[in-house]
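A, B, ... follow the sequence lines: proteins, then strands. Residue 1 opens every chain.
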2 protein chains.
Amino acid sequence: MDKKIFSTFLKERGQRLTKERTAILRRTLSLRGHFDPESLYVKIRATGLKASRASVYRTLNLMCECGLIEKVTKTEHGTIYEHTLGQSHHDHMLCISCGHIIEFFSETIEKLQEGICKKQGFDGVNHTLEIRGYCRKCRKKKK
Amino acid sequence: MDKKIFSTFLKERGQRLTKERTAILRRTLSLRGHFDPESLYVKIRATGLKASRASVYRTLNLMCECGLIEKVTKTEHGTIYEHTLGQSHHDHMLCISCGHIIEFFSETIEKLQEGICKKQGFDGVNHTLEIRGYCRKCRKKKK
DNA sequence: ATAAATGCAAATCGTTTGCAACGGA
DNA sequence: TCCGTTGCAAACGATTTGCATTTAT
């Protein structure tokens, strides 16, 4: 399904679905939640598949362009991505102790945002709401 | 006022308020809204004051540690800071066309977030809500 | 055969750091 | 004098890019 989207996207632009790109796409889709380029690269290597870091970066950019994935946030360790397909919009809680990410969604918050944009004459394309703090586990550990 | 806070903070740690740090502090405080290290550096230089890039980065980190400023977001062009003092918490709209930043605040959204955290057993320390899109001006330009 | 994609290594960009020279306390 | 601080340049880490080589169509 997603593979179809990607290959169509590439074909339209006269680009090719090589085995490296396929490997990267497959591995990316197999991931559940959020991921970053380096760990994706390591995982691909661990599987015995070959694809350079350069190709990983290049392919992730392509996947972003065609809307399969998107950048969630930038941390000191790099960019974090997530899948967009089959995923409705949501926001994130990020544990600053263990890096755990919790997704959530609030229809009310969405509506409020729309209202605020309208008031400002702002044409909102997308948004990110990130709450940083300590997850349940790390809270317990702390005390 | 802010200068007092900074010098006290430094003294407590056995550190010194040098003229470079003073220059950086002053220039930073003179800025209204958001800023990034490089443009701050350029502005300082333009004023004829001397302070190296290294010192700018080092001093901004100190100012973060003592809570005078904080990191708002990371863009492809670097980290964006803002003042914390005398500024109540607020969120941002970021125009992806001209970079213009609009601040806003919604008590309701804040409350909703608290509720969501509680539900997840998450101890929220801080959060950022960033709406990206086109500001009024750029909207008009587009069509 | 042609044009695109690869891997590598070098190049970037923002930021940090090691170090010798400098300067307040 | 004693340490903290500075500026510079080198070091960094994430990402991009130039280029010669490989590969899909």
Side-chain angles (χ1 to χ4, degrees), chain A residues 3 6-28 34-45 47-66 69-81 99, chain B residues 3 6-28 34-45 47-66 69-81 99:
Chain A
K3 185 165 177 181
F6 194 45
S7 64
T8 306
F9 168 79
L10 289 174
K11 202 160 291 170
E12 274 174 5
R13 320 200 326 172
Q15 295 186 273
R16 295 160 189 170
L17 184 54
T18 62
K19 52 178 171 311
E20 287 82 0
R21 285 181 181 164
T22 307
I24 295 164
L25 175 70
R26 291 267 280 288
R27 206 72 189 78
T28 303
H34 304 82
F35 62 95
D36 63 280
E38 179 64 19
S39 57
L40 177 62
Y41 169 73
V42 171
K43 283 195 181 75
I44 289 170
R45 279 322 186 81
T47 329
L49 292 170
K50 64 166 195 102
S52 65
R53 262 190 198 79
S55 289
V56 169
Y57 279 102
R58 283 189 275 234
T59 305
L60 287 179
N61 283 333
L62 286 171
M63 293 175 68
C64 266
E65 281 186 65
C66 85
I69 57 176
E70 60 186 33
K71 297 181 180 182
V72 174
T73 192
K74 282 196 171 205
T75 73
E76 19 296 314
H77 314 303
T79 302
I80 297 192
Y81 292 84
Chain B
K3 186 166 177 182
F6 194 44
S7 64
T8 307
F9 167 80
L10 289 174
K11 201 159 293 170
E12 274 174 4
R13 321 200 328 173
Q15 295 186 273
R16 295 163 191 166
L17 184 53
T18 62
K19 52 180 171 310
E20 286 83 0
R21 285 182 182 163
T22 307
I24 295 164
L25 175 69
R26 291 266 282 287
R27 207 72 188 80
T28 303
H34 304 82
F35 62 94
D36 64 280
E38 179 63 18
S39 57
L40 177 62
Y41 168 72
V42 171
K43 282 195 181 74
I44 289 171
R45 279 323 187 78
T47 328
L49 293 169
K50 63 167 195 103
S52 63
R53 262 191 197 78
S55 289
V56 169
Y57 279 104
R58 283 190 277 232
T59 304
L60 286 178
N61 284 333
L62 286 170
M63 293 176 69
C64 266
E65 280 186 65
C66 84
I69 56 174
E70 59 185 33
K71 295 181 182 183
V72 174
T73 192
K74 283 195 173 207
T75 72
E76 21 294 312
H77 315 302
T79 302
I80 296 191
Y81 292 84

To the nearest angstrom, how far is Glu20(A) atom CD from dT6(C) atom P?
5 Å
Length of the CG-C1' vector between Leu62(B) and dT15(C), whole Å
15 Å
Quick one: Phe6(A) CZ to dA5(C) C1', roughly how many Å, whole number?
12 Å
May I ask you to verify if any side-chain N or O of Arg21(B) is less than 4.0 angstrom from the OP1 or OP2 atom of dT6(D)?
yes
Could you tell me how far apart Lys11(A) (NZ) and dA5(C) (P) are, to the nearest whole angstrom?
13 Å
Quick one: is Thr79(B) getting a side-chain N or O under 4.0 Å of the dT15(C) phosphate, OP1 or OP2?
yes
What integer distance in Å separates Leu40(A):CG from dT15(D):P?
12 Å
Verify the contact: side-chain N or O of Tyr57(A) to OP1 or OP2 of dT15(D), cut-off strictly under 4.0 Å; return yes or no.
yes
Here the distance between atom C1' of dA24(D) and atom CG of Leu10(A), to the nearest Å, is 13 Å
Pro37(B) versus Tyr57(B), closest heavy-atom pair with distance
CB-CE2, 3.6 Å
Nearest-neighbour nucleotide for the Arg16(B) side chain, dG23(C), dG7(C), dG7(D) considered:
dG23(C)
Of the listed dG7(D), dT15(C), dT16(C), the closest approach to the Asn61(B) side chain comes from dT16(C)
Taking NZ, NE, NH1 and NH2 as the nitrogens, is one of them in Glu20(B) or Arg58(B) under 4.0 Å from a carboxylate oxygen of the other?
no
Short side-chain N/O contact from Lys19(A) to OP1 or OP2 of dA24(D), under 4.0 Å
yes
State, to 0.1 Å, how close Ile24(A) and Ser55(A) come at their nearest heavy-atom pair, and which atoms those are.
CD1-O, 3.6 Å
In terms of heavy-atom contacts, Cys64(A) and Tyr81(A) come closest through SG-CE2, 3.5 Å
Less than 4.0 angstrom between a side-chain N/O of Ser52(A) and OP1 or OP2 of dT6(C), yes or no?
no
How far apart are the closest heavy atoms of Arg45(B) and Lys50(B), and which atoms are they?
NE-CA, 4.3 Å
Look at the side chain of Arg58(B) and the base of dG7(D), then say whether one donor and one acceptor between them are separated by less than 3.5 Å.
yes
Rounding to a whole Å, what distance do you find between Asp36(A):CG and dG13(D):P?
15 Å
OP1 or OP2 of dT6(C) sitting under 4.0 Å from any side-chain N/O of Thr18(A)?
yes
Relative to the 5' end of DNA chain D, which residue comes earlier, Tyr41(B) or Gly14(B), by the nucleotide with the nearest heavy atom?
Gly14(B)
Report the residue (Leu17(B) or Lys71(B)) whose heavy-atom-nearest nucleotide on DNA chain C is the more 5′ of the two.
Lys71(B)
Whole angstrom is fine here: how far is it from NE2 in His77(B) over to P in dT15(D)?
15 Å
